[in-house]
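Before any comments, here is the structure.
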Amino acid sequence: DAKTTQPPSMDCAEGRAANLPCNHSTISGNEYVYWYRQIHSQGPQYIIHGLKNNETNEMASLIITEDRKSSTLILPHATLRDTAVYYCIVRGSNDYKLSFGAGTTVTVRA
Amino acid sequence: GAGVSQSPSNKVTEKGKDVELRCDPISGHTALYWYRQRLGQGLEFLIYFQGNSAPDKSGLPSDRFSAERTGESVSTLTIQRTQQEDSAVYLCASSFWGWDSPLHFGNGTRLTVT
C-alpha cells in the first residue's frame, strides 16, 4: 500500500540540475514529505523534508505543489557523487517509522 | 557532530551462533530504530524505541530476534541461532521525538551467516 510513486530510474548530466519527481496523491494534511538517498554500501542519508512550503538547504531544494499531491527534489548541480537511490517518503503523526519504497535510481553521468 | 555509530561494521558468523549488534545513537535523540536490508532489497523495519515507552517490536521476524536499549543511549540487537537468511545489513537510526524530526542512520553492520 505505497503512499508514494517514483520513477524507477533516471539519468542526469554532471553539472546540471537533477529534478526528481514524486507523486503522493493521497497525502493528508499533517503528513510530511521526506527525501532520503542511499549511496552504495552506506546507510540512508537524510536530505530534506517539508509540509506545505518549499524548502531549501545546503544539499537540495524541495518543491511541493499547492495541492500537495506531488513534489520535486532538485539537486542544483549534480556531481558523480550524487549517484544513489533516492527515496520519497510520506510520514504523518501515526508513522513514527519511515517506510521505504523502491525509490529512484539516479545515475549522474560525466 | 558525531553521527549514529554502529559496531561491528562487518560480522561473519557460523549458522547456529548468536550475534550481538551495537548502536550508539546521536546524543539527545530519544527515538531509536532498527532496520534490516537484504542484498538488493529495500529497508525492513524491525523495532522502535521511544524514551521509556514500551518498544514497538512489530517488525521482528521471529523470536530469535530481540533488542534492548539502555535509557536513551546504546541499543543492542541480538540474533540467536543465526540462519543463512539472516544475512543482511542491519541499520540503526535515531531521531528526536515527533514525525517532523528526521531519522539519521548509521552505516550499518553487514552480517554474513555461513
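Every chain is numbered from 1 and lettered A, B, ... according to where its sequence line falls, protein lines coming before strand lines. Owing to the predicted nature of the structure, the values given are computational and were not obtained by experimental measurement.
- Ranked by heavy-atom pairs under 4.5 Å with chain A, the list B:His104, B:Gln41, B:Gln37 is led by B:Gln37.
- In terms of heavy-atom pairs under 4.5 angstrom with chain B, the leader among A:Gln45, A:Gln38, A:Gln42 is A:Gln38.
- Minimum heavy-atom separation, A:Tyr46 to B:Leu103: CB-O, 3.9 Å.
- Residues A:Pro44 and B:Leu91 share a closest heavy-atom pair of CD-CD1, 4.0 Å.
- The aromatic rings of A:Tyr36 and B:Phe105 stand perpendicular to each other, their planes meeting at an angle above 60°, with 30° marking the opposite boundary.
- Screening residues 38-70 of chain B for disulfide (SG to SG under 2.5 Å) gives no qualifying pairs among residues at least two apart or on separate chains.
- Between chain A and the residues B:Ser101, B:Gly106, B:Ala31, the largest count of heavy-atom pairs under 4.5 Å involves B:Ser101.
- No more than 12 heavy atoms of other residues, nucleotides or ligands shown are found within 6.0 angstrom of CD on B:Glu68.
- Between the side chain of B:Tyr33 and the main chain of A:Leu98, no donor-acceptor pair closer than 3.5 Å is present.
- Follow the hydrophobic side-chain contacts under 4.5 Å out from A:Leu20 and you reach A:Leu80 in the same cluster.
- Relative to the ring axis of B:Phe45, A:Lys97 places its NZ or CZ within 45° and under 6.0 Å from the centre.
- Hydrophobic clustering keeps B:Ile47 apart from B:Leu43 (ILVMFWY residues linked when any side-chain heavy atoms are closer than 4.5 Å, directly or through intermediates).
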Discussion item. Could you walk me through whether A:Tyr96 and B:Tyr48 satisfy the side chain to side chain contact (heavy atoms under 4.5 Å, CB included) test, starting with their C-alpha distance in whole Å, then the side-chain angles of each, then the deciding distance to 0.1 Å, before giving a yes or no?
Written reply: CA-CA 9 Å; A:Tyr96 44 81; B:Tyr48 161 76; 3.4 Å; yes
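- Scanning both residues, B:Arg110 and A:Ser41, for their nearest heavy atoms gives NH2-OG, 4.2 Å.
- Heavy atoms of other residues, nucleotides or ligands lying less than 6.0 angstrom from CD of B:Glu14 number 12 at most.
- Of the listed residues (B:Pro102, B:Gly42, B:Gly98, B:Gly108), the greatest number of heavy-atom pairs within a distance under 4.5 Å of chain A belongs to B:Pro102.
- Taking hydrophobic clusters as Ile, Leu, Val, Met, Phe, Trp and Tyr residues chained together by side-chain heavy-atom distances below 4.5 Å, A:Ile63 does not share a cluster with A:Leu51.
- In this structure, A:Tyr87 is not a member of the same hydrophobic cluster as B:Val4, with clusters built from ILVMFWY side-chain heavy atoms closer than 4.5 Å.
- Proximity of a side-chain donor or acceptor of A:His49 to a complementary backbone N or O of B:Asp100 within less than 3.5 Å is detected.
- Follow the hydrophobic side-chain contacts under 4.5 Å out from B:Val113 and you reach B:Leu46 in the same cluster.
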